[in-house]
Q: 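Here it is: the structure, laid out below.
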Amino acid sequence: MDTKTRPEKVNAKVTTSLETARKNKNKLRELVETAGLTDAQIVHIVMAESMRPCGVRTLKWWLSGDEQKKLQRCPTRAIEALEKGLRRR
């Protein structure tokens with residue numbers, strides 16, 4: 001199959017770099033603090049905007065997790081979804 005005709009993966013995992021992970025963690029913390037919403041409300045916004053599953057435990061993991069570990073890095077899509085959802089409110 002030629003790369004030009006191959007369909008793109010819709011839910012492909014994208015690895016977040018260490019530098020981006022630090023920025024995302026700080027941005028997420030800032031957005032959560034300024035929003036004044038509960039964790040469940042934040043998660044609901046992220047899920048609704050990104051169309052991807054997310055839970056309160058995942059949010060807490062992103063906020064307190066270690067950027068060195070790939071599984072605990074907050075993805076950019078979550079930040080973008082939260083910003084978009086908060087603008088709509």
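On a predicted model such as this, the values are computed, not experimentally measured, just so you know.
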Q: Tell me whether N24 contacts the main-chain N or O of C74 through its side chain, where contact means a donor paired with an acceptor under 3.5 Å.
A: yes
Q: Could you report the tightest heavy-atom contact between V46 and A78, atom names first, then the distance?
A: CG2-O, 4.1 Å
Q: Is the shortest heavy-atom distance from the side chain of T38 to the side chain of V43 under 4.5 Å?
A: no
Q: Just verifying a value: how many Å separate L82 CG and I45 CD1, rounded to the nearest 0.5 Å?
A: 6.0 Å
Q: Just to verify, what does E83 make a salt bridge (charged side-chain N to carboxylate O under 4.0 Å, His left out) with, not counting sequence neighbours?
A: K27
Q: Can L63 be reached from V56 by stepping across I, L, V, M, F, W or Y side chains whose heavy atoms are under 4.5 Å apart?
A: yes
Q: Looking only at non-hydrogen atoms, find the nearest pair between W62 and Q72 and report the distance.
A: CD1-O, 3.8 Å
Q: Rounded to the nearest 0.5 Å, what separation is found between the CG atom of L31 and the CG atom of N26?
A: 11.0 Å
Q: Find out whether H44 and L37 are in side-chain contact, i.e. whether some heavy atom of one side chain is under 4.5 Å from a heavy atom of the other.
A: no
Q: Rounded to the nearest 0.5 Å, how far apart are NZ of K25 and CD1 of I79?
A: 12.0 Å
Q: Residues in side-chain contact (heavy atoms from CB on, under 4.5 Å) with E33, at least two apart?
A: R29
Q: Do R52 and M47 have side-chain heavy atoms sitting under 4.5 Å apart?
A: no
Q: State, to 0.1 Å, how close R77 and S50 come at their nearest heavy-atom pair, and which atoms those are.
A: NH1-OG, 4.1 Å
Q: Do the side chain of S64 and the main chain of K60 share a donor and acceptor less than 3.5 angstrom apart?
A: yes
Q: Measuring only between side-chain heavy atoms, which start at C-beta, is K84 closer than 4.5 Å to R88?
A: yes
Q: Any non-hydrogen side-chain atom of K69 less than 4.5 Å from a side-chain atom of R73?
A: no
